Amino acid sequence: MSKKLVLIDGNSIAYRAFFALPLLNNEKGIHTNAVYGFTMMLMKILEEEKPTHILVAFDAGKTTFRHKTFSEYKGGRQKTPPELSEQFPFIRELLTAYGIAQYELENYEADDIIGTLSLLAEKEGFDTKVISGDKDLTQLSSDKTIVNITRKGITDIEEYTPDHIKEKYGLTPIQIIDMKGLMGDASDNIPGVPGVGEKTAIKLLKEYGSLEKLMESLDQVSGKKLKDKLVEFKDQAIMSKELATINRQAPIVIELSELEYEGAENEKLVKMFKELGFNSLLDKLDTDVTETIELEDMKYKQIDTVDQDIFAKENGFYVEILEDNYHYADIVGFAIVNETGHYYLPVKTALASEAFKKWAEDESSQKIVYDAKRSEVSLRHHGIHLKGAEFDVALASYILNPSESPDDLAAIARQHGFLIVQSDEAVFGKGAKRKIPEETKLAEHLVRKADVLVALKEKLEQDLWDNDQHDLFSSLEMPLSLVLADMEYQGVKLDTVRLENMGEEIKSRLAEIETKIFELAGEQFNINSPKQLGVILFEKLGLPVAKKTKTGFSTSADVLEKLASKHKIIEEILNYRQLGKLQSTYIEGLQKIVNKETNKVHTRFNQALTATGRLSSTDPNLQNIPIRLEEGRKIRQAFVPSEKDWVIFAADYSQIELRVLAHIAGDEKLIDAFRNDMDIHTKTAMEVFHVGKEEVTSNMRRHAKAVNFGIVYGISDYGLSQSLNISRKEAGEFIERYLESYPGVKEYMDEIVKDAKAKGYVQTLLHRRRYIPEITARNFNLRSFAERTAMNTPIQGSAADIIKKAMIDMAERLREEGLKTRLLLQVHDELIFEAPQNEIERLKKIVPEVMENAIDLKVPLKVDFSYGPTWYDAK
DNA sequence: AACCACACGC
DNA sequence: GACGTACGTGTGGTTA
């Protein structure tokens, strides 16, 4: 068996983890982010690399042999933050529990230990993997040694093989040292040659091979300035190279055989993880350890005849369905836990029982559930209308922290310290192996879940009160789940004949385009393969390469559009892509999921997913049906009312996010613009370009629109530059001018960032929260991203609050007025209904009225609507 | 099965 | 001195 050695640069990884993750605390107030990140990284490495041998190297003292060469080495470095220093003992302890060797050596750095051991390992025929956050280590890369450098965070890595280095820099691994010698390294305070950066260094090395050879042939170097610098700083360059060179002959006493990895001591790890509060990592450990020690016997009663005695005023009620998609899925079992006891109800018993149905439909009997909508919809398929589901643990958890994404009840329970439930994956298995276990195992699992629901409710409800979010939960999200359940259950009717015809037409057009493309390319290939397409375009046809992805040439639409004038094939490919997308995602996609008997599609709205509070839609996603291009928009002709002589009625908020911004920021100009119902993009163009209304050109309006878009979505200057195809500098200037134009907005942006820093979170008009720990990050990008998030979330999130409120109000109004009209879909700022012809006149009044009055802002909300025989016509 | 590149909506 | 840049869903290709 081949031998595999993993060498980890301990200090570097700890640093990376510390700066990449927010400052987590465990219960005792000890900082744990670096330990957590380190652990995640270790778990990943152990799983992916399956090393036979492993070692973590640490830097020893402050000074090393390099300081003799250059006393300023690593000078000017900020000292290690105490929040990080205090975590090193835990990392050491963690490694001990993992049974992983650690090593440090007086006068040497971790680099040198790794360099020495990897050389030894090469001689002994090991395959070696080096893990670090420091690119210097790439000089160790060889055909036996691969160097992984963390890119962002701790788990995203870049793999440096000699080939990759060649591709990236055009250099051999050894030449990396020469490069450092020439360009220096600010972080280690290695001076290099002033004025020589990466580009110049690479150029010189490609020409002369090494620093020494370069110095021998200095007279041949082109460029007087460069030559002078090289002459002047020759000695400094040579010293820099020496500093950057990893010592591969360090006096190490440990032997490779001592590094053998024999596996972790799971019990120690479990104990440590618990102390550190790493509950989410616990179940990644060997499952028997965590679960056998955690779970004591759960006493429950299996119910074969339902009688009144098993119900109470407040009940934990768990409805189990194994499939992801709960429409038409089989219910697997039920559990009820209340003051009278713990009960497991087999499906057959429950569904055949009148008493059970009566209880489920009894509003006054309160149920604490996990995923109310899921439970409601699946019960409705059995003729049961679930009522009294007043506390949904999944929704409560989401409201408390929308950025967490627990994937089952056990995960939520664990977050709150309840370790009495196993994960669904552990009980049911995953992927192809997912199945219903034997009944006693199933029963116990379900009863545990119902049990923990009751415990969680108490905890979560208190947290909601503490955060002033109880109203958001009980008056918005809970009632909304009922509205959404109705929408999903109702479904949307498709004209499948129409869909089929469109599919036929597209199919023949695709075939034509394909023929043309093959002719133009001079050969046949898979147009859908970016890899093959790249070879054709950029190698065979020799088109200029504008952008590369990490796997090869980029062939994305924005790249291709720039090549359109260079070759006729481009236009055809763009066409092919467009039609192919319609065919595969929309025509075939919808056909795959439509109910063959009713011709309806039943999407699922995920109410507990996005960090901003928006909904999402899956199977099918009905929130991304084409509209921008006419070709695709026609897909909407296949969305029709489910009853004869009904119509589709669509109503959308006009500029809801910018109106929300006007309100939150209290910007007078923006408020004024909306009160006067101005075209906001034209208005913005007038302000940003300092022109009158008449002088606004379409291009100015387009730019202004993109800036408004950027504000709403929190994009960066880079993002804006991409969407407008302008330089980043220009984009930055646009944003600046925008903020000058609307000083109230500028003030809001500054305040909200400050506020987020102080509180650690931002919130929406209806108290939806989003925590933004990265706001204090030292890493510029991480922090910038966090700042944009802080600015954007209250805007987008409040808009989401408002439309959710409108949905609830709308459902209530339709009920009150006894209308047959049904709400079918929500697409972030619009609501889509199906309605009988004879209700249209009333809807024209009611819908805008309800939507516009969902909330009271400093500016009016404006709703546009339209209707027609298909969704397409409702435009 | 997991990952990527790409494309659709807001 | 570089980082890598609204979000979410689904598809086909590729690789493991």
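All chains are named by letter (A, B, ...) in the order of the sequence lines, taking the proteins before the strands, and each is independently numbered beginning at 1. Both backbone and side-chain heavy atoms feed into the values below; hydrogens, waters and symmetry mates do not. If you're wondering where the values come from, they're calculated on a predicted model, not measured in any experiment.
With sequence neighbours left out, the side-chain contact (heavy atoms from CB on, under 4.5 Å) criterion links A:F865 to A:F649, A:A651, A:K844, A:P848. Partners of A:Y748 by ring pair (Phe, Tyr, Trp, His ring centres under 6.0 Å), not counting sequence neighbours: none found. With sequence neighbours left out, the side-chain contact (heavy atoms from CB on, under 4.5 Å) criterion links A:N725 to A:K562. For the ring pair (Phe, Tyr, Trp, His ring centres under 6.0 Å) test, no residue two or more places apart in sequence or in another chain qualifies with A:Y586. Residues passing the side-chain contact (heavy atoms from CB on, under 4.5 Å) test with A:E49 are A:K4, A:V6, A:I45, A:P51, A:K129, A:N148, sequence neighbours excluded. Under the side-chain contact (heavy atoms from CB on, under 4.5 Å) criterion, A:H327 pairs with A:N325, A:V377, A:H381, A:E488, A:H602, A:R604, not counting sequence neighbours. Residues that satisfy the ring pair (Phe, Tyr, Trp, His ring centres under 6.0 Å) test with A:F709, not counting sequence neighbours, are A:Y713. By the ring pair (Phe, Tyr, Trp, His ring centres under 6.0 Å) test, A:F553 is found to be paired with A:F538, residues two or more places apart in sequence or in another chain being considered.
If you check every strand for non-hydrogen atoms under 4.0 Å, A:S716 touches a base. Residue contacts shown for A:D185 are absent, as no nucleic acid heavy atom lies under 4.0 Å away. Backbone-only engagement by A:Q532 is indicated by non-hydrogen atom pairs under 4.0 Å involving sugar-phosphate atoms exclusively.
Residue side chain A:N781 reaches the base of C:dG4 through a donor-acceptor N/O pair under 3.5 Å, judged by distance alone.
The distance between atom CD of A:E158 and atom C1' of C:dG4, rounded to the nearest whole Å, is 13 Å. Here C:dG12 presents its C1' atom at 11 Å from CD of A:E588, a figure rounded to the nearest Å. If you take CG of A:L622 and P of C:dT9, they are 13 Å apart, rounded to a whole angstrom. As rounded to whole Å, 13 Å separates atom C1' of C:dT11 from atom CG of A:D619. The nearest whole Å value for the distance from the CD atom in A:E514 to the C1' atom in C:dG12 is 14 Å. For the pair A:Q607 CD and C:dG8 C1', the computed distance is 16 Å after rounding to whole Å. Atom CD1 in A:I593 sits roughly 12 Å away from atom C1' in C:dT9 (whole-Å rounding). For the pair A:E774 CD and C:dC3 C1', the computed distance is 15 Å after rounding to whole Å.
At a threshold of 4.0 Å, the pair A:E588-A:K507 does not count as salt-bridged, since none of the basic side-chain nitrogens sits closer than that to a carboxylate oxygen. Between A:R509 and A:E631, at least one side-chain N (NZ, or NE/NH1/NH2) sits under 4.0 Å from a carboxylate O, which counts as a salt bridge. Residues A:E425 and A:R434 are not paired through a salt bridge, judged by the lack of any N-O separation under 4.0 Å between the basic side chain and the carboxylate.
Where DNA chain C pairs in unbroken runs of 3 or more (Watson-Crick or G-U, both distances under 3.5 Å), the stems are B:1-9 with C:7-15.
Pairs passing the side chain to side chain donor-acceptor pair (under 3.5 Å) check and including a residue from residues 784-798 of chain A, sequence neighbours excluded, read A:T612-A:Q796, A:R614-A:Q796, A:R770-A:T793.
At least one side-chain nitrogen or oxygen of A:K531 sits closer than 4.0 Å to the OP1 or OP2 atom of C:dT15.
When the nearest nucleotides of DNA chain C are assigned to A:N528 and A:K135 by heavy-atom distance, the more 5′-ward of the two goes with A:K135. Position along DNA chain C of the nearest nucleotide to A:T585 versus A:A611 favours A:A611 as the more 5'-ward residue.
Residues from residues 783-796 of chain A that place a heavy atom under 4.0 Å from any atom of DNA chain C, listed by number: A:F785, A:R788.
The same atom, P, is picked in C:dT5 and in B:dC4; the two are 12 Å apart, to the nearest Å.
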(request) Mark up nucleotides 5-10 of chain B, 5' to 3', with B wherever a protein heavy atom is under 4.0 angstrom from a base atom, S wherever such an atom reaches only the sugar-phosphate, and - elsewhere. (result) SSBBSB
